[in-house]
Amino acid sequence: EAAPSIGPKRAEQLKALGVETVAQLLAADPEGLAERLGSSRVDAATVVAWQHQSELMCGVPGLRGHDAQVLVGSGFTSAEEIAAMNAADLLQFVDPFCDTQEGQRALRGAARPDLAEVTQWVRGARQRRAVEVA
């Protein structure tokens with residue numbers, strides 16, 4: 001459940017497959033894990049998105065779960081990509097994603113990111129740390 005997009009039910013399903021930590025999720029083979037989950041709602045691309053979200057959460061100081069979901073949904077999968085962006089330019093990618101159904105699910109009723117928040121994401125990405133998870 002420490003990973004973005006992973007709720008209690010999915011966490012239990014993953015645990016039953018031996019994936020109990022974020023580190024194990026990051027190390028998992030996306031195709032194999034999706035197949036083992038046996039859910040029509042989870043394919044290899046979904047698992048890859050979970051992995052990217054988790055890497056961002058672990059590597060970018062101050063990033064929240066729904067922030068990572070919005071970034072990955074907007075096409076940004078690494079701290080390096082985010083760090084290289086101008087905040088205003090990054091917002092131009094993030095804003096349209098927030099209007100989508102997937103974006104609304106990621107936000108879960110939270111306010112959509114504004115320039116100040118996106119600026120914090122870029123600053124955090126520039127101070128990124130090596131991903132070390134339990």
Any side-chain donor-acceptor pair under 3.5 Å between T77 and E81?
yes
In Å and rounded to the nearest 0.5 Å, what is the CZ to OG distance from R10 to S39?
4.5 Å
Any non-hydrogen side-chain atom of V70 less than 4.5 Å from a side-chain atom of W121?
yes
Roughly how far, to the nearest 0.5 Å, is the CZ atom of F93 from the CE atom of M85?
5.0 Å
Are more than 12 heavy atoms from other residues, nucleotides or ligands located less than 6.0 Å from atom CD of E35?
no
R64: what forms a salt bridge (charged side-chain N to carboxylate O under 4.0 Å, His left out) with it, not counting sequence neighbours?
D67, E117
Around atom CD of E20, are there more than 12 heavy atoms from other residues, nucleotides or ligands closer than 6.0 Å?
yes
When every non-hydrogen atom of V22 is compared with those of C58, the smallest separation belongs to CG1-SG, 4.2 Å
Interatomic distance, CG@L90 vs OG@S74, rounded to 0.5 Å, equals 7.5 Å
In chain order, what residues pass the side chain to side chain donor-acceptor pair (under 3.5 Å) check against R126, with sequence neighbours excluded?
none
Please name all residues satisfying side chain to side chain contact (heavy atoms under 4.5 Å, CB included) with A110, sequence neighbours left out, ordered by chain then number.
H66
Q51 CD to S5 OG distance, which is reported to the nearest 0.5 Å:
12.0 Å
What's the shortest heavy-atom distance between L56 and S78, and which atoms?
CD2-C, 3.6 Å
With a 4.5 Å cut-off on side-chain heavy-atom distances among I, L, V, M, F, W and Y, is there a chain of contacts connecting I82 to V48?
no
Kindly give the heavy-atom pair with the smallest separation between V122 and A87, and that separation in Å.
CG2-CA, 4.1 Å
Do any N or O atoms from the side chain of Q104 and from the backbone of Q101 form a donor-acceptor pair under 3.5 angstrom?
no
CG of D29 to CZ of R36: how many Å apart, nearest 0.5 Å?
9.0 Å
To check you understand the geometry: which heavy-atom pair defines the closest contact between A44 and A34, and what is its length?
N-CB, 3.6 Å
Other than V19, which residues form its hydrophobic cluster under the rule that side-chain heavy atoms must be closer than 4.5 Å?
I6, L14, L17, L25, L33, L37, V42, V47, W50
Can you tell me which residue among L91, D99, V94 is in a side-chain contact (heavy atoms from CB on, under 4.5 Å) with R112?
D99
Between Q24 and G18, which heavy-atom pair has the shortest distance, and what is it?
OE1-O, 3.4 Å
Taking R123 for its side chain and Q120 for its backbone only, find out whether a donor-acceptor pair lies under 3.5 Å.
no
Side chain to side chain donor-acceptor pair (under 3.5 Å) involving R108 - partner list, sequence neighbours excluded:
Q69
Residues at least two apart in sequence or cross-chain that pass side chain to side chain donor-acceptor pair (under 3.5 Å) with D43, listed by chain then number, are T46
Where do A125 and A83 come nearest, in terms of heavy atoms and distance?
CB-N, 3.6 Å
For the atom pair CG (L63) and CD (E55), what is the distance rounded to the nearest 0.5 Å?
12.5 Å
